[in-house]
Amino acid sequence: MANFEISVAHLYGNLMNTYGDYGNIIALTYYAKQIGVAVNYHLVSLGDNFDADNFDFALFGGGQDYEETIVAKDLKNKADQVRHYIENDGPLLAVCGGFQLLGHYMVMADGTKVDGIGVMDHYTTNMHDPKLTTLNNKRLTGNIVIKNNDTAETYHGFENHQGRTFLGENERALGTVISGNGNNGMDKTEGVIYRNVYGSYFHGPIFTRNGNLAKRVLATTLSRKYPEVDWADKLDQIETETF
Ligand code: GLN
């Protein structure tokens, strides 16, 4: 029986699940179970309340431009709670379209500008932006490898996006691009870290292919929820895989 439990919010999981981003929750659950932590799953979608204080981890997956326009309208109603969650150090994984919508705006392939909720400081222009100096008019697609600058860990993934994301001043990259394109194909950044938010263009899903990152986020989640417990020894028991 599990001695501990965490509640997970899957934001718009029925609309934003490109390449099975839900697999991130399966991976987190798999690792959590090994150390006696149960994971309670909640889908939070159109019209639902996102009561930030009820959740210990949130996933906001990727979607295509069309789904993003639907989600963007509803997300405005949840913006205050999402901001509260993030500023209260809630752990959140945002992938691709989800990553884009947390920023100021994203421009679709057809040039339509979609408002994000601006709870983070990045913005996303499109593949036809005349300011791009490389890879104009091309989707950024293929395998990608990055190196995390804090831990020197290497992360592997698959990217497929037309949006070009540029990070804000208080944001740092999840990693530096070793091979592939990353946020915009220009500045070698991939993804974002802000407080306990991890954003990325990686599908795969990122936690199944990069168990080391899943473990790191699980550690953050558990230390925040149960600060009185010494998690280091327990987490050491988890063997992760990277491929
Ligand atoms: N619609 C976005 C883009 O292409 C996000 C794609 C995705 O989530 N895979 O930029």
Side-chain angles (χ1 to χ4, degrees), residues 10-25 43-46 58-76 82 92-132 134-146 155-168 171 173-175 177 180-187 189-192 197-210 213:
H10 192 185
L11 297 172
Y12 306 99
N14 51 348
L15 288 161
M16 304 282 278
N17 190 31
T18 304
Y19 301 110
D21 290 330
Y22 169 64
N24 289 301
I25 295 177
L43 173 66
V44 178
S45 192
L46 303 179
L59 170 70
F60 192 2
Q64 298 311 319
D65 287 0
Y66 177 67
E67 283 82 7
E68 283 193 65
T69 60
I70 297 169
V71 167
K73 288 188 196 120
D74 186 88
L75 188 60
K76 286 192 174 111
V82 174
L92 192 158
L93 174 66
V95 183
C96 210
F99 168 31
Q100 294 174 349
L101 290 178
L102 294 177
H104 294 292
Y105 61 87
M106 64 84 69
V107 182
M108 304 203 307
D110 71 3
T112 310
K113 190 172 174 186
V114 177
D115 284 340
I117 51 173
V119 296
M120 291 173 68
D121 209 16
H122 51 275
Y123 65 90
T124 302
T125 175
N126 80 354
M127 62 181 175
H128 307 301
D129 185 335
K131 291 195 288 299
L132 295 179
T134 58
L135 299 162
N136 312 54
N137 306 316
K138 288 195 178 65
R139 290 186 73 85
L140 303 180
T141 303
N143 289 321
I144 172 164
V145 180
I146 64 171
Y155 301 141
H156 301 256
F158 176 81
E159 58 179 333
N160 182 359
H161 54 108
Q162 68 81 24
R164 299 322 203 243
T165 298
F166 293 89
L167 299 180
E171 297 181 319
L174 174 62
V177 175
N181 301 295
N183 286 338
N184 49 56
M186 284 167 51
D187 64 11
T189 64
E190 203 297 315
V192 67
V197 180
Y198 294 80
S200 178
Y201 273 106
F202 280 32
H203 299 287
I206 189 168
F207 280 178
T208 59
R209 289 192 65 184
N210 303 280
L213 180 61

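The first residue in the sequence is number 1, and the count goes up from there. Values in this document were obtained by computation on a predicted structure and should not be read as measured data. Each ligand, and each atom within it, is numbered from 1 in the order the structure gives.
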Show which side-chain atoms of residues 107-119 pair as donor or acceptor with protein atoms under 3.5 Å away, not counting sequence neighbours.
| unit_1 | atom_1 | unit_2 | atom_2 | d |
| --- | --- | --- | --- | --- |
| Asp110 | OD1 | Thr112 | N | 2.9 |
| Asp110 | OD1 | Thr112 | OG1 | 2.7 |
| Asp110 | OD2 | Thr112 | OG1 | 3.4 |

#### Entry: With Tyr12, the side chain to side chain contact (heavy atoms under 4.5 Å, CB included) member among Leu43, Asp74, Val44
Asp74
### Query
To the nearest 0.5 Å, what is the distance between CG (Leu59) and CG (Leu93)?
5.5 Å
### Task
For Asp187, enumerate each residue passing the salt bridge (charged side-chain N to carboxylate O under 4.0 Å, His left out) test, keeping only those at least two apart in sequence or located in another chain.
none
### salt bridge (Lys or Arg N to Asp or Glu O under 4.0 Å) contacts in which one or both residues fall within residues 119-131, not counting sequence neighbours
Asp129-Lys131
### Query
Once the angle between the rings of His203 and Tyr19 is folded into 0 to 90°, is it parallel (under 30°), tilted (30 to 60°) or perpendicular (over 60°)?
tilted
### Summary
Within the 4.0 Å heavy-atom cut-off around ligand 1, the contacting residues, ordered by chain and number, are Thr18, Gly62, Gly63, Gln64, Asp65, Glu68, Cys96, Gly97, Gln100, Arg139, Asn160, His161, Gln162, Gly163, His203
